[in-house]
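Reading through the structure tokens given below for one structure.
Heavy-atom basis, side chains included; hydrogens, waters and symmetry copies ignored. Given the structure is predicted, the values throughout are model-derived calculations rather than measurements. Sequential numbering from 1 along the given sequence is applied to the chain's residues.
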Amino acid sequence: MSADFTLRLAPPQYRPVGAQALLVEFGGRFDEQIHNRVVGLDEALKSRPFIGFVEAVPAYTSLLVCFDPLMTDHRAAEKEVTDLIADGFTQMVPRGLREVDVCYDLDLAPDLPLVAKATGLTPEQVVEAHLAGEYNVFMYGFAPGYAYLAGVPDIIQLPRKTAAVRGIPAGSVLIAGPQCIVSTLTMPTGWWIIGQSTTKILDPDCEDRPFLFDVGDQVRFRRIARTEFDTRTEK
């Protein structure tokens, strides 16, 4: 991203959060260009951390910049961030491409017929649309390893259910609106369950890398047969 392009974008808004964080808000809408700025600033802070910088936590349209209040303050942190943006930080480049295996057999995808009916498609067309989506990891939240992926095709986007369903198993592939999640824990959800994955998204025993995804990664879903699914889950 060039400095000229950066200047054409709306300037971020800064909000103090407690005594040791600054929220940098780039916009108020679900937008890939805005999120690219979030991830771009996140990467810039990693390569050019200011004195007292602790960590940054990316979300859809904002970045929480955490600092040591004994070493710096909100005003100084805001100046450091403003300088990085004025310098024209590099546009976000996806860190990597991750592949997630999923089986769409109906007993593993209880909402697939409902999504098909609501969208006027066949279940197989819903699967094809889901596989064709271009997904990016926008943020982590809600539960350990819960990576929110943007990129669900318009043709299969539905609002969340009016009530959550309990006991949804880990590995469920869920969609709601433009978002997709592969669940990591058994818990209730109001999202639509359209498949089951064998790919391990959360590995709490791996201290160096407990999560499969990095924010900014691209994700591609790969369909697997039921025989392959059963073989993997029986191990």
Side-chain angles (χ1 to χ4, degrees), residues 30 32 35-36 38-47 55-64 66 91-105 108-109 111-112 127 129-153 156 167-235:
F30 191 95
E32 185 173 354
H35 190 252
N36 285 352
V38 172
V39 179
L41 179 58
D42 185 29
E43 292 296 324
L45 284 167
K46 289 176 183 176
S47 61
E55 66 173 341
V57 183
Y60 283 116
T61 62
S62 63
L63 187 73
L64 184 68
C66 304
Q91 186 175 8
M92 184 271 289
V93 176
R95 293 191 178 109
L97 174 63
R98 309 291 179 180
E99 193 168 79
V100 175
D101 294 335
V102 53
C103 180
Y104 296 94
D105 278 26
L108 303 173
D111 293 331
L112 191 53
V127 171
H130 184 252
L131 290 169
E134 297 180 359
Y135 301 93
N136 291 284
V137 181
F138 265 42
M139 63 176 285
Y140 276 100
F142 180 63
Y146 255 53
Y148 287 79
L149 314 180
V152 174
I156 58 170
I168 304 305
S172 296
V173 178
L174 315 171
I175 61 172
Q179 301 176 95
C180 180
I181 284 178
V182 181
S183 65
T184 57
L185 303 170
T186 299
M187 59 174 52
T189 183
W191 292 33
W192 303 90
I193 310 155
I194 63 167
Q196 186 79 12
S197 177
T198 58
T199 301
K200 198 167 190 177
I201 307 298
L202 172 66
D203 186 357
D205 296 326
C206 182
E207 295 183 1
D208 295 335
R209 190 178 179 84
F211 303 146
L212 174 64
F213 305 131
D214 291 318
V215 173
D217 278 352
Q218 294 179 319
V219 178
R220 178 173 59 203
F221 289 95
R222 184 180 79 95
R223 188 175 196 169
I224 60 174
R226 183 56 181 267
T227 53
E228 186 175 355
F229 176 89
D230 289 341
T231 299
R232 293 184 183 184
T233 55
E234 286 170 1
K235 293 180 180 180

Any side-chain heavy-atom pair from [X] and [Y] closer than 4.5 angstrom?
X: L202; Y: F211; answer: yes
X: Y104; Y: L131; answer: yes
X: C103; Y: R223; answer: no
X: T199; Y: V182; answer: no
X: V215; Y: D42; answer: no
X: R98; Y: D214; answer: yes
X: L108; Y: R226; answer: yes
X: L112; Y: W192; answer: no

Could you tell me whether the side chain of [X] and the main chain of [Y] form a donor-acceptor pair under 3.5 Å?
X: D111; Y: I194; result: no
X: S183; Y: S172; result: yes
X: R209; Y: L212; result: yes
X: E43; Y: V38; result: no
X: Y140; Y: F213; result: yes

Got a second to check how far [X]'s [atom1] is from [Y]'s [atom2], nearest 0.5 Å?
X: L149; Y: E134; atom1: CG; atom2: CD; result: 13.5 Å
X: T61; Y: F138; atom1: OG1; atom2: CZ; result: 10.0 Å
X: D105; Y: I224; atom1: CG; atom2: CD1; result: 9.5 Å
X: I181; Y: S197; atom1: CD1; atom2: OG; result: 13.5 Å
X: L63; Y: L41; atom1: CG; atom2: CG; result: 5.0 Å

Looking only at heavy atoms, what is the nearest atom pair of [X] and [Y], with distance?
X: A147; Y: V137; value: CB-CG1, 4.1 Å
X: C180; Y: V173; value: SG-CG1, 4.0 Å
X: P144; Y: L185; value: CD-CD1, 3.8 Å

Dump the intermediate steps for side chain to side chain contact (heavy atoms under 4.5 Å, CB included) on F229 and V102, then the final yes or no.
CA-CA 8 Å; F229 176 89; V102 53; over 6 Å; no
Side chain to side chain contact (heavy atoms under 4.5 Å, CB included) assessment of Q196 paired with T233
CA-CA 11 Å; Q196 186 79 12; T233 55; over 6 Å; no
Quick one: sort the F221 and H130 rings into parallel, tilted or perpendicular, breaks at 30° and 60°.
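Taking H130 first and then F221, their aromatic rings sit tilted (interplane angle of 30° to 60°).
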Begin from the C-alpha positions of R232 and D101 and carry the test side chain to side chain contact (heavy atoms under 4.5 Å, CB included) through to its verdict.
CA-CA 11 Å; R232 293 184 183 184; D101 294 335; 2.5 Å; yes
Atom CZ of R222 with >12 non-hydrogen neighbours under 6.0 angstrom
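Result for CZ/R222: enclosed.
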Counting only heavy atoms not in E99, do more than 12 fall under 6.0 Å of its CD?
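Enclosed: over 12 neighbouring heavy atoms sit under 6.0 Å from CD of E99.
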